[in-house]
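Heads up: the structure comes next, in structure tokens.
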Amino acid sequence: MSETIHIGPSILSADFTRLGQQLSDAEAGGADYIHIDVMDGRFVPNISMGPLVVEAARRATTLPLDVHLMMVEPENMLSAFAKAGAATIHIHWETGFHIHRTLTQIKALGCRAGIAINPHTPVGVLTEILSLVDVILIMTVNPGFGGQSLIPQTLDKIRQTRALLRRMQLPTDLMVDGGINESTAAAAVEAGANMLVGGSAVYNSQYSVQEGIARLRNAALGK
Ligand code: DX5
Ligand code: ZN
């Protein structure tokens with residue numbers, strides 16, 4: 001497991017009336033990347049943002065933009081998100097008949113390729129495509145909303161995924177998304193995650209963004 005833990009605030013929980021400031025705060029707080037949740041109202045029961053917001057975020061921060069596509073037919077939108085400034089594009093395994101082709105397209109656009117799996121999807125379905133994948137994104141909640149609780153069974157899947165990557169001797173990153181907070185971060189890292197997404201743990205009314213990131217990082221490191 002990589003010793004470095006990367007923390008990516010999810011702007012789904014940010015205050016959109018002042019998104020630029022919320023991004024600068026994340027950068028000042030030591031965020032490693034910015035996670036942007038794209039929801040289409042079909043794959044998930046919510047609608048959020050599109051390339052326009054990615055493009056605006058691109059102008060407001062120098063951090064890598066990690067774009068999580070929770071949408072059907074993501075292949076139609078890849079070049080729009082790449083042009084808007086995505087560093088990584090995650091597609092959901094559950095949305096594709098031709099995942100190999102779609103991952104190849106993401107790489108051809110010059111982006112890192114991420115494959116996301118829902119809580120019900122076993123990690124074993126990924127073995128044939130892992131050579132194309134830079135990041136596995138394990139959903140630790142059912143996607144669609146911020147502020148949900150981590151589903152405890154997903155911790156075992158993180159463990160299985162880390163074991164699989166070790167067995168296959170792959171340097172693939174292992175990201176977790178959903179319900180990652182001060183109470184769950186250490187368990188996710190212990191199970192093998194090296195990239196954490198934090199939505200409501202970073203953007204909330206209790207702490208500043210900087211403090212939210214610091215608390216999450218400390219918890220992840222077991223401090
Ligand atoms: C959920 C999104 C997450 C969300 C996480 O569908 O994919 O990225 O922003 O929010 P928290 O960290 O509050 O669970
Ligand atoms: Zn997400």
Side-chain angles (χ1 to χ4, degrees), residues 1-10 30-35 37 63-64 66-70 87-96 99-100 102-104 106-107 111-143 146 148-202 213 215-223:
M1 184 178 41
S2 159
E3 304 81 56
T4 316
I5 303 300
H6 300 272
I7 306 240
S10 166
D32 297 295
Y33 61 97
I34 298 294
H35 184 82
D37 289 305
L63 291 174
D66 186 73
V67 176
H68 178 191
L69 298 184
M70 285 162 275
T88 301
I89 298 179
H90 303 270
I91 55 163
H92 264 266
W93 183 84
E94 298 83 5
T95 64
I99 293 292
H100 185 283
T102 310
L103 291 170
T104 306
I106 294 173
K107 307 284 278 186
C111 298
R112 272 162 54 86
I115 188 81
I117 53 174
N118 277 340
H120 74 270
T121 302
V123 66
V125 297
L126 302 183
T127 46
E128 303 304 322
I129 49 169
L130 278 187
S131 59
L132 282 171
V133 171
D134 297 294
V135 197
I136 299 176
L137 198 177
I138 307 261
M139 287 309 302
T140 37
V141 298
N142 287 302
Q148 303 181 80
S149 300
L150 179 140
I151 298 169
Q153 287 83 351
T154 60
L155 288 172
D156 194 47
K157 187 157 58 177
I158 302 169
R159 234 169 257 124
Q160 291 172 32
T161 307
R162 180 52 70 189
L164 177 69
L165 292 176
R166 278 212 192 97
R167 247 192 337 269
M168 293 179 73
Q169 299 190 318
L170 290 169
T172 319
D173 285 312
L174 205 175
M175 181 181 289
V176 286
D177 182 13
I180 303 297
N181 54 38
E182 279 187 83
S183 315
T184 57
V189 168
E190 185 274 323
N194 70 312
M195 298 186 81
L196 309 183
V197 173
S200 47
V202 172
I213 294 170
R215 283 174 166 264
L216 194 54
R217 196 180 292 285
N218 284 339
L221 298 172
K223 289 186 189 164

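Throughout, residue positions are numbered sequentially from 1 according to the sequence presented.
L137 is not listed as a side-chain neighbour of I117, based on a closest heavy-atom distance of 4.5 Å or more. The side-chain heavy atoms of H120 and E94, taken from C-beta on, include a pair separated by under 4.5 Å. In this structure, T95 and L69 have side chains that are not in contact, with every pair of non-hydrogen atoms separated by 4.5 Å or more. The closest side-chain heavy-atom distance from V133 to L126 is not below 4.5 Å. Two residues are said to be in side-chain contact when any heavy atoms from C-beta on lie closer than 4.5 Å; M139 and H68 meet this criterion. Between I151 and N142, some side-chain heavy-atom pair lies under the 4.5 Å cut-off. Using a 4.5 Å cut-off on side-chain heavy atoms (C-beta onward), K107 and D134 make contact. Counting heavy atoms from C-beta on, the side chains of L130 and L164 come closer than 4.5 Å.
Heavy atoms only, all atoms of each residue included: R162 and T172 are closest at NH1-O, 4.2 Å. Summarising the geometry of A193 relative to I158, their closest heavy-atom pair is N-CG2, 3.7 Å, with the distance given to 0.1 Å. For the pair P119 and T154, the tightest heavy-atom approach, listed with the atom from each and the gap, is CB-CG2, 4.2 Å. Across G8 and H35, no two heavy atoms sit closer than the pair O-CB, 4.1 Å. Shown here for L132 and A113, the closest heavy-atom pair between the two residues is O-CB, 3.6 Å. I213 and P9 get closest at one heavy-atom pair: CD1-CG, 4.0 Å.
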* Derivation of the side-chain contact (heavy atoms from CB on, under 4.5 Å) call for D173 and R112 -> CA-CA 11 Å; D173 285 312; R112 272 162 54 86; 2.9 Å; yes
* Could you please spell out the steps behind the side-chain contact (heavy atoms from CB on, under 4.5 Å) verdict for I180 and V197? => CA-CA 7 Å; I180 303 297; V197 173; 5.8 Å; no
* Going through the distances and angles, do H90 and T88 end up as a side-chain contact (heavy atoms from CB on, under 4.5 Å)? -> CA-CA 7 Å; H90 303 270; T88 301; 3.7 Å; yes
* Report the C-alpha distance between H92 and T121 in whole Å, list the side-chain angles of each, state the deciding distance to 0.1 Å, and finish with yes or no for side-chain contact (heavy atoms from CB on, under 4.5 Å). => CA-CA 10 Å; H92 264 266; T121 302; over 6 Å; no
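Residue C111 holds its SG atom at 12.0 Å from CG of L103, rounded to the nearest 0.5 Å. Annotation: the span from M195 atom CE to H6 atom NE2 amounts to 6.0 Å, rounded to 0.5 Å. In this structure, CD1 in I129 is found 6.0 Å from CD1 in I99, a value given to the nearest 0.5 Å. Atoms OG1 and CG, from T161 and L170 in turn, are 12.0 Å apart once rounded to the nearest 0.5 Å. To the nearest 0.5 Å, the span separating CD1 on I138 from CD1 on I115 amounts to 11.0 Å.
A donor-acceptor distance shorter than 3.5 angstrom exists from the side chain of R217 to the backbone of I5, with no hydrogens or angles considered. A side-chain donor-acceptor contact under 3.5 Å links T140 to the backbone of D177. Counting only distance, with no hydrogens or angles, the side chain of N181 and the backbone of S183 share a donor-acceptor pair below 3.5 Å. Side chain of N194 to main chain of L174: a donor-acceptor pair is present (N/O by atom type, distance under 3.5 Å, no hydrogens or angles).
Each of T184, V176, D32 was scored for a side-chain contact (heavy atoms from CB on, under 4.5 Å) with L196, with one residue passing: V176.
Inspection of the D37 and S10 side chains reveals an N or O donor paired with an N or O acceptor under 3.5 Å.
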